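Data block below; observations after.
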Amino acid sequence: MTTKELEEKLTYKKKSAWKDDLKEIMDYAEGYKTFLGENKTERECVDWAIKTAELNGFKNIEQVKTVKPGDKLYRQHHNKCVVLFVVGKDDISEGMNLCASHIDSPRLDLKQVPLYEDTNQAVLKTHYYGGIKKYQWTTLPLAMHGVIFDKEGKKHSFALGENPDEPVFFISELLIHLSGEQMARPATKAVVAEQLNIIVGHIPLDDEDAKESVKLNTLRILNEQYGITEEDFLSAEIEFVPVEKPRDVGFDKGMIVAYGHDDRVCAYPAFSALMEMKDPKRTTVCVLADKEEIGSVGSTGLNSRFFENAVNELTHLIDKQEGTYLARKAMENSYVLSMDVNACLDGNYPDAFEKRNAAIAGYGTVLTKYTGHGGKSGSNDANSEYIHKLVKLFNENGIVFQTGEIGKVDLGGGGTVALYLASYGANVVDMGVGVLSMHAPYELISKADLYSTYKASKVFYSIED
Ligand code: MN
Ligand code: MN
């Protein structure tokens with residue numbers, strides 16, 4: 001054997017995901033860009049998913065009486081998370097093939113009493129959601145998304161600032177000319193949370209006696225247009241997000257810069273692959289969950305029972321008597337991909353990564369045995385048997401993938417939904433697209449990695465035993 005042959009036979013090297021059909025990669029990315037640009041909150045993603053699923057023959061599980069193999073069902077919860085099933089031919093107790101991802105992203109939420117007037121401007125107080133570098137979120141045009149209920153209980157849904165003829169909103173930052181003291185502070189203190197106040201008005205009421213006339217004029221406009229008053233903010237859920245739509249990056253258009261890749265860049269391929277499933281052997285499931293960015297807590301995060309309840313609903317339709325038992329067996333015997341983004345090696349910051357074990361953009365979807373902090377704290381740490389099964393599956397089906405660990409050990413880390421699904425006893429491993437500038441207002445991904453994640457999801461859903 002020549003040295004080259006030995007090398008090929010014995011050593012491991014990452015493979016380029018750009019070896020796939022270029023046209024297919026680019027076409028798939030267009031669908032993703034449209035989805036991402038039009039759906040910037042968990043509520044919008046759930047609405048979109050249900051609409052798209054219904055067009056593909058999915059039915060609300062609460063409106064069916066019986067199920068048979070091949071049936072397509074969904075169950076949503078509080079308009080912020082959704083579980084979708086394609087019922088398999090096998091007895092469901094043998095397990096399901098499940099892809100779970102999250103559809104919430106870091107952003108700026110409003111406080112409950114947000115509106116005030118300062119220096120001739122109407123301003124909104126925010127409370128940031130998820131992990132952010134605060135200084136990155138100033139001086140950007142922001143759009144307002146979310147819901148406000150008026151006194152009559154009418155729900156007003158907002159996506160204001162997305163169209164060029166609509167106003168946007170803005171957080172000011174200190175001019176460089178006066179920033180000597182600020183620039184000497186650590187980055188964590190350069191901009192602090194209570195400075196993330198959003199300018200939303202400037203014109204005063206034409207009445208010299210009015211106190212806070214800019215604030216009052218802003219409230220007047222809101223009342224005229226939506227029938228709401230200041231008190232209605234108490235129960236509102238408003239999220240401010242970056243305005244820009246997804247754009248191609250580079251002369252070759254190989255990458256996409258956008259708000260909210262984490263984790264819609266995994267939710268989209270997991271969802272779109274499920275839409276194509278017909279008569280699978282094992283029941284296939286896609287979960288789009290909320291609240292991952294703040295620890296999968298709350299009734300719509302994966303630490304809640306909504307997923308278990310959805311499976312229970314399905315198994316009780318299959319067998320009224322044995323439903324609960326079937327659900328337990330189904331969850332325990334499942335194969336799960338906890339689909340979330342990973343960190344790509346960043347050429348500007350190589351010191352944060354251990355380069356032999358970091359994901360690199362363009363080498364395919366990233367399979368991650370463990371996440372967590374420190375000594376794998378908070379991690380699922382997948383079983384060797386299961387990872388081996390997936391490695392073999394991907395290799396046999398020409399899926400380009402790589403492994404990746406988020407940065408150097410003890411430098412930081414991150415969690416995913418993996419441990420919550422593993423708590424049922426299922427086989428779970430993390431997989432997803434590598435991202436550059438994760439949690440920045442605009443993040444960067446490779447189109448080839450997106451396509452590889454879609455192909456991997458499809459092959460995964462088709463696992464037969
Ligand atoms: Mn994520
Ligand atoms: Mn995240």
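Every number for a ligand or one of its atoms is a count from 1 in the order of the listing. In this text, all values refer to a predicted model and were calculated from it rather than measured experimentally.
Here the straight-line distance linking atom CE of M438 with atom CD of E443 works out to 7.0 Å at 0.5 Å rounding.
For the side chain to side chain contact (heavy atoms under 4.5 Å, CB included) test, residues two or more places apart in sequence or in another chain that qualify with V391 are L367, I387, N395, F401.
Pairing each heavy atom of A418 with each of N380, the nearest pair is CB-CB, 3.6 Å. The minimum heavy-atom distance between Y363 and D449, with the atom names listed, is N-OD1, 3.3 Å.
Inside a sphere of radius 2.8 Å centred on the Mn ion (ligand 2), the protein N/O/S atoms present are D262 OD2, E293 OE1, E293 OE2, H439 NE2.
Classification of the H156-Y226 ring pair by plane angle, with boundaries at 30° and 60°, yields perpendicular.
For the salt bridge (Lys or Arg N to Asp or Glu O under 4.0 Å) test with E276, the passing option among K72, K455, K458 is K458; the others fail.
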